[in-house]
Number of protein chains: 2
Amino acid sequence: MHTSKRVLFLDLVLSVLRLNGLLIAEGDVMTEELNLTHARWKVIGAIALSNNGLTVPGIARVLGQSRQAVQRITDVMVHDGVLEYQKNPNHKRSVLVLLSENGKEIYNTLREVQDPWAIDATEDIPIEELETGLRLVRRLIKKFN
Amino acid sequence: MHTSKRVLFLDLVLSVLRLNGLLIAEGDVMTEELNLTHARWKVIGAIALSNNGLTVPGIARVLGQSRQAVQRITDVMVHDGVLEYQKNPNHKRSVLVLLSENGKEIYNTLREVQDPWAIDATEDIPIEELETGLRLVRRLIKKFN
DNA sequence: CTTGGATTGGCAGTATGTTGTCAGTTGATT
DNA sequence: AATCAACTGACAACATACTGCCAATCCAAG
């Protein structure tokens with residue numbers, strides 16, 4: 001007899017919370033030599049995936065976070081020379097956030113660490129299982145968004 | 001052609017982080033009338049699933065968190081009368097954490113809200129997909145633990 | 001029985017995230 | 001052109017979680 005969907009789902013919820021903590025820890029260890037933290041590589045990743053830069057609230061929407069949380073991170077990263085603010089022709093106050101030259105180097109180095117990590121983590125997991133899992137997670141995200 | 005495992009996995013990682021945030025928000029909304037927060041129902045859930053009570057570091061191990069974070073929450077919840085500390089015959093300093101009478105009532109009320117939520121969230125998701133997803137998440141947890 | 005490594009409580013410092021508020025900006029509707 | 005709702009920046013208060021550190025306790029090996 002199958003476990004009930006309710007119990008299964010609650011188990012899944014707690015497991016996702018647990019995995020979240022482990023992923024953050026993994027990311028922090030992986031990037032500590034780059035002087036990054038999980039909050040920072042999330043921002044770097046969001047900007048790197050955009051073509052023309054993003055505004056702070058734009059990054060927040062991509063990451064599903066409050067714009068205030070992102071603003072604080074970007075301010076620190078601009079101060080550290082990883083990001084740059086650039087005048088936004090479409091908005092008088094809301095500047096665009098871009099990777100600085102240093103930030104682009106850091107992103108490339110990040111990729112060099114991240115890619116082997118991803119490959120190693122999935123070496124014994126069939127691709128079909130990853131696809132099913134991702135589909136489920138996306139489905140739940142859409143439901144709660 | 002299938003997307004590469006690497007890209008698929010990184011997408012899954014970001015999606016899990018995103019889902020984590022949404023689940024916390026769901027939990028906070030669901031329990032705000034009970035004067036709970038996500039940090040508190042995680043602790044209540046961990047204790048409720050144990051039979052003889054848990055020590056603070058024991059709860060931390062179940063939740064995969066630092067004992068300091070759990071200690072602070074339990075201190076507040078004992079002060080609020082939701083939890084009780086009880087002498088631990090197996091350790092002179094490390095007390096057991098139990099649900100108070102009030103805490104048990106809160107847990108029951110929590111169940112009444114949580115169960116319909118879980119059922120609603122999964123109504124159009126086949127049980128096989130939940131099982132596959134849970135298996136994947138557990139696999140990753142074991143790998144990073 | 002002693003000793004040394006692991007666990008625990010307590011305290012401090014730091015990072016990340018949330019919500020709330022207010023004033024300035026934007027854009028669409030009238 | 002005026003207006004109003006939504007968006008944005010800035011600041012504040014708060015909750016959660018991490019690490020590091022030190023002293024007390026526990027437990028197992030010798």
Side-chain angles (χ1 to χ4, degrees), chain A residues 17-32 35-44 46 53-80 82 85-97 144, chain B residues 17-32 35-44 46 53-80 82 85-97 144:
Chain A
L17 297 181
R18 178 85 189 89
L19 180 57
N20 179 77
L22 290 171
L23 288 175
I24 287 175
E26 285 281 313
D28 281 348
V29 169
M30 193 162 44
T31 61
E32 64 182 350
N35 201 26
L36 291 179
T37 61
H38 64 276
R40 298 184 187 192
W41 52 255
K42 283 198 295 183
V43 170
I44 287 184
L54 289 171
T55 62
V56 167
I59 298 171
R61 280 188 289 266
V62 170
L63 297 180
Q65 290 184 339
S66 70
R67 59 195 172 79
Q68 291 90 333
V70 174
Q71 181 80 61
R72 201 184 22 196
I73 302 289
T74 58
D75 283 348
V76 174
M77 292 174 79
V78 167
H79 177 268
D80 290 350
V82 183
Y85 290 143
Q86 190 184 70
K87 210 165 194 178
N88 183 356
N90 297 319
H91 200 291
K92 190 182 283 186
R93 294 174 77 201
S94 195
V95 295
L96 293 174
V97 186
F144 296 134
Chain B
L17 297 180
R18 178 85 190 88
L19 180 57
N20 178 78
L22 290 170
L23 288 174
I24 286 175
E26 285 282 312
D28 281 347
V29 169
M30 195 163 42
T31 60
E32 63 183 351
N35 199 28
L36 292 179
T37 61
H38 63 275
R40 298 183 189 195
W41 52 254
K42 282 198 296 182
V43 169
I44 289 183
L54 289 170
T55 63
V56 167
I59 298 170
R61 279 186 289 267
V62 170
L63 298 180
Q65 288 184 340
S66 71
R67 59 194 174 78
Q68 291 91 334
V70 174
Q71 181 80 60
R72 197 170 40 86
I73 302 291
T74 58
D75 283 348
V76 174
M77 292 175 79
V78 167
H79 178 267
D80 291 350
V82 182
Y85 290 143
Q86 190 185 71
K87 211 165 192 178
N88 183 355
N90 297 319
H91 200 293
K92 188 182 282 186
R93 294 174 78 201
S94 195
V95 295
L96 293 175
V97 186
F144 295 133

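All chains are named by letter (A, B, ...) in the order of the sequence lines, taking the proteins before the strands, and each is independently numbered beginning at 1. Just so it is clear, the structure is predicted and the values come from calculations on it, not from any experiment.
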Side chain to side chain contact (heavy atoms under 4.5 Å, CB included) assessment of Ile73(B) paired with Gln65(B):
CA-CA 12 Å; Ile73(B) 302 291; Gln65(B) 288 184 340; over 6 Å; no
Minimum-distance pair of heavy atoms, taken over all atoms of [X] and [Y]:
{"X": "Asp28(B)", "Y": "His38(B)", "result": "OD1-N, 2.7 Å"}
{"X": "Ala46(A)", "Y": "Val62(A)", "result": "CB-CG1, 4.2 Å"}
{"X": "His91(B)", "Y": "Arg93(B)", "result": "ND1-N, 3.1 Å"}
{"X": "Leu17(B)", "Y": "Lys42(A)", "result": "CD1-CD, 4.0 Å"}

Pair Leu96(B), Thr55(B) - check side chain to side chain contact (heavy atoms under 4.5 Å, CB included), show working.
CA-CA 5 Å; Leu96(B) 293 175; Thr55(B) 63; 3.9 Å; yes
Walking DNA chain C from its 5' end, the first of His91(A) and His91(B) to be reached, judged by nearest nucleotide, is His91(B)
Within less than 4.0 Å of OP1 or OP2 of dT26(C), is there a side-chain N or O belonging to Ser94(A)?
no
Looking at Lys92(B), I'd like to know whether one of its side-chain N or O atoms comes within less than 4.0 Å of OP1 or OP2 on dC27(D).
no
Looking only at the side chain of Thr37(B) (C-beta and beyond, no hydrogens), which of the listed nucleotides dG9(C), dA15(D), dG9(D) gets closest?
dA15(D)
Please state how far atom [atom1] in [X] lies from atom [atom2] in [N], giving the value in whole angstrom units.
{"X": "Asp80(B)", "N": "dA15(D)", "atom1": "CG", "atom2": "C1'", "answer": "14 Å"}
{"X": "Leu54(B)", "N": "dT7(C)", "atom1": "CG", "atom2": "C1'", "answer": "16 Å"}
{"X": "Tyr85(A)", "N": "dT8(D)", "atom1": "OH", "atom2": "P", "answer": "14 Å"}
{"X": "Asn20(A)", "N": "dT16(D)", "atom1": "CG", "atom2": "P", "answer": "16 Å"}
{"X": "Asp75(A)", "N": "dG9(D)", "atom1": "CG", "atom2": "P", "answer": "10 Å"}
{"X": "Glu32(B)", "N": "dG20(C)", "atom1": "CD", "atom2": "C1'", "answer": "15 Å"}
{"X": "Leu17(A)", "N": "dT16(D)", "atom1": "CG", "atom2": "C1'", "answer": "13 Å"}
{"X": "Asn90(B)", "N": "dT7(C)", "atom1": "CG", "atom2": "C1'", "answer": "14 Å"}

Any Leu54(B) side-chain heavy atom under 4.5 Å of Arg61(B) side chain
no
A side-chain contact here means heavy atoms from C-beta on lying under 4.5 Å apart; do Val97(B) and Tyr85(B) qualify?
yes
Give, for atom CZ of Arg72(B) and atom CE of Met77(B), the distance between the pair rounded to the nearest 0.5 Å.
12.5 Å
Nearest-0.5 Å distance that lies between atom CD1 in Ile44(A) and atom CG in Leu36(A)
4.5 Å
Would you mind reading off the bend of the helix from dC1(C)-dG30(D) to dT30(C)-dA1(D) from its two end axes, five pairs each, to 10 degrees?
30°
Check this for me: does the side-chain of Arg93(A) come within 3.5 Å of the base of dT8(D) through a donor and an acceptor?
yes
Show your working on side chain to side chain contact (heavy atoms under 4.5 Å, CB included) between Asp75(A) and His79(A) and close with a plain yes or no.
CA-CA 6 Å; Asp75(A) 283 348; His79(A) 177 268; over 6 Å; no
Please determine whether side chain to side chain contact (heavy atoms under 4.5 Å, CB included) holds for the pair Asn20(A) and Leu19(B), giving the CA-CA distance in whole Å, both sets of side-chain angles, and the decisive distance to 0.1 Å.
CA-CA 9 Å; Asn20(A) 179 77; Leu19(B) 180 57; over 6 Å; no
Can you sort out which residues in residues 60-74 of chain B have a heavy atom within less than 4.0 Å of DNA chain C? Ascending by number, please.
Arg61(B), Arg67(B), Gln68(B), Gln71(B)
Contact list for DNA chain C against residues 21-30 of chain A - heavy-atom distance below 4.0 Å:
none
